[in-house]
Each structure stands twice: as structure tokens, then as C-alpha cells.
Amino acid sequence: MPHPLLDCARIDVLPEAFLPTVGEVFAVFARSQDSGNHSYGVRVGAERFFVKTAGPPDGLGGSLSHAERVALLRNAASLHTSFRHPALPRLHTLIESPAGPMLVYAWVDGELLGVPRERRGDPSSPYQRFRALPVATICHSLDTLYELHGALGRAGWVAADFYDGCLIYNFAAEALAVIDIDMYHHGPFVNTRGRMFGSERFMAPEEFVRGATIDGRSSVFTMGRTALLFLGDGTLNPTAFRGPPTLYAVLARACDPEPVRRFPSLEAFWSAWRVARAP
Ligand SMILES: Nc1ncnc2c1ncn2[C@@H]1O[C@H](COP(=O)(O)OP(=O)(O)O)[C@@H](O)[C@H]1O
Ligand SMILES: [Mg+2]
């Protein structure tokens with residue numbers, strides 16, 4: 001028997017009308033998403049899926065047009081089609097709808113580490129609960145994140161708009177998943193915006209400069225900042241850093257304001273991190 005979701009290539013009604021006919025819509029991510037995208041958690045039998053859409057063509061959403069949101073979803077689909085990693089929820093299929101593509105991903109259990117600014121100091125937030133974990137547990141998740149990015153870098157991808165809202169952590173299983181890499185760019189590119197999309201806590205200095213090149217060195221900065229936020233105070237303040245000096249040294253090079261002084265690629269950063277992690 002064909003699967004109502006996975007064997008479907010095209011629908012002629014809107015996603016929000018179609019999805020309740022194939023299963024139980026148990027989660028909706030719509031108005032709260034400043035991206036303008038509308039996404040759904042859908043249960044079909046015992047399986048759960050995360051279905052991501054660009055939202056209604058006439059809907060107001062974020063700073064991007066519907067056509068731009070559709071283009072980003074197609075970009076994500078192209079990344080997921082050519083690249084797989086255990087930390088990336090699998091993209092099962094893409095269904096064409098009158099409102100653009102629906103990307104059907106595996107559902108991931110866990111909590112989003114990115115929380116609104118006003119909750120960031122709250123000890124009960126997933127962000128602070130993650131930061132309070134033992135250094136070894138946090139480092140294990142960073143290993144996963146950096147191994148994934150080493151492989152993405154090798155495949156030619158440059159990170160964009162990565163922040164803690166791209167991380168789902170399962171505290172019980174101690175497993176990290178990376179979502180929403182829709183803005184990742186195949187190959188280096190020029191910053192045409194000035195301040196680019198993204199969370200400033202994770203952005204490299206060149207992501208604020210119109211005309212600057214954004215490449216693997218920018219991604220290295222973002223990855224370094226991630227560790228500094230989880231294991232320190234988000235800066236290179238050595239007294240706030242909970243990890244060993246060997247890791248601090250790798251992060252100091254990764255987060256050098258001058259791109260040329262950083263590791264030249266995500267792969268080089270991942271190798272240096274791996275060596276520094278070795279007992
Ligand atoms: N594979 C997934 N499994 C479970 N929840 C997910 C998955 N992907 C995303 N989410 C949840 O849906 C929210 C919106 O997804 P996201 O890809 O970030 O969309 P947007 O482009 O709207 O930011 C995320 O913040 C996260 O809470
Ligand atoms: Mg998001």
C-alpha cells in the first residue's frame with residue numbers, strides 16, 4: 001500500500017488542508033516563526049514527521065518574500081539530497097503543493113537549545129540546562145556538530161544563519177541534531193547585505209561588512225563561538241571558559257577577528273579540535 005505522505009509527489013490543495021487527511025497534525029510552527037515558514041509535526045501510524053513549508057504565498061512573514069522562502073527550502077532540499085549525516089534529520093521526500101514545496105523530514109525528539117533572549121538567563125531553559133551539563137557531555141555534542149561541519153565544509157558548504165536555534169538536544173539520549181540549515185551556501189559568497197541574517201552572538205565580523213567574502217573561515221568563527229557560548233561566556237575571556245586550555249587555544253584561533261589568522265577551513269578546524277580533544 002502506498003504511504004500517504006512518503007509516496008506522494010504532488011498535491012493540488014494547500015498543505016494545511018492536505019496534512020490532516022494523512023495523519024494527526026500534533027504540532028504547528030507558524031506565527032511564532034519569524035522566518036514566515038509554516039511547519040507541522042505529523043503522525044502517520046507510529047511514525048512522526050516534520051513537514052516544512054514556505055507558508056501561504058500571500059502570508060506576511062518575516063523579511064523574506066514567499067518566492068525567497070521557497071528558494072531557501074529548495075536549497076535545503078538540494079543540500080540534503082547530496083549530503084547525509086547522522087546529526088541531520090533525514091529528508092524523506094519533497095512534495096510539490098500550490099504553495100510551494102513541502103519538505104518531509106524525520107521528526108527529532110528533544111528541545112531547541114535556542115530560546116528567546118528574555119529566557120536566556122533562565123536556569124530552567126534548555127539553553128541553560130545544556131550549558132550546565134558536564135564539560136565532557138557538552139564536548140561530546142560539539143564533536144558531533146564539528147564532525148558534521150567538517151564534512152559539510154569538505155562537500156563545499158559554507159554555514160549561514162547558524163545559531164543555537166538550529167540545535168535540538170535530546171537530554172535523555174544525549175544526542176544533538178542540527179536543523180534549519182536552509183541558508184547554507186554552496187561555495188564562498190560576497191556579503192551583499194551589510195549585516196547578514198543571523199544571531200549576532202554567532203556571527204563573524206565579516207558578516208557585518210558589505211562586500212566582504214563569506215567562506216569557510218567565517219563558518220569556523222561561528223563554530224568557535226558556539227563552543228565559547230556553551231562552555232564560557234561567549235567571548236574569549238579565559239577565566240569564564242570551563243574547558244581545558246588545549247581546546248581554548250583552538251577556539252581562540254577559530255574566533256580570531258582576522259579571517260586569515262583562523263583555520264582555513266571547517267575541515268582544518270575539525271582536525272585541530274579532534275587532536276586537542278584526544279587524551
Ligand atoms: N526535524 C525536526 N523534528 C522536530 N522538530 C523540528 C524539526 N525541525 C525543526 N523543528 C522545530 O520546528 C521549528 C521551526 O523549524 P525551522 O527549521 O527552524 O524553521 P524556520 O525556517 O521557520 O526557522 C524549530 O525551531 C524546531 O523547534
Ligand atoms: Mg529556525
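Note that ligands are numbered from 1 as they come in the structure, with each ligand's atoms numbered from 1 the same way.
- Ring planes of Phe171 and Tyr169: perpendicular class, angle over 60° (limits at 30 and 60°).
- Residue contacts with ligand 1 for Asp109 are absent, since no atom lies close enough (heavy atoms, distance under 4.0 Å).
- Not one N or O of Trp107 is nearer than 3.5 Å to an N or O of ligand 1, by distance alone.
- Relative orientation of the Trp107 and Phe50 rings is tilted, given thresholds of 30° and 60° on the angle between their planes.
- Using a 4.0 Å heavy-atom cutoff, Ala106 is listed among the residues neighbouring ligand 1.
- Remark: among candidates Asp180, Val51, Ile179, the nearest residue to atom 24 (C) of ligand 1 is Ile179, based on non-hydrogen atoms.
- Of the polar atoms of Asp182, none of the N or O atoms is found under 3.5 Å from an N or O of ligand 1, judged by distance alone.
- Looking at ligand 1, you'll find an N or O of Asn37 within less than 3.5 Å of one of its N or O atoms.
- When non-hydrogen atoms are compared, ligand 1 lies under 4.0 Å from the side chain of Leu112 (C-beta onward) but not from its backbone.
- Residue-environment remark: NE2 (His140) stays at or below the threshold of 12 foreign heavy atoms within 6.0 Å.
- A donor and an acceptor atom, one from each side chain of Asn237 and Thr235, are nowhere located under 3.5 Å apart.
- If you check the side chains of Ser125 and Gln128, you find no donor sitting under 3.5 Å from an acceptor.
- Note on Asp180: its N/O/S atom closest to the Mg ion (ligand 2) is OD2.
- Looking at Val108 next to ligand 1, an N or O pair under 3.5 Å apart turns up.
- For an aromatic pair to be called close, the ring centres must be under 6.0 Å apart, and His186 with Phe83 fails this.
- The shortest separation from a heavy atom of Leu72 to ligand 1 is not under 4.0 Å, leaving the residue out of contact.
- For the ring-ring contact (aromatic ring centres under 6.0 Å, His included) with His149, the lone residue among Trp270, Phe263, Phe221, Phe162 that qualifies is Phe162.
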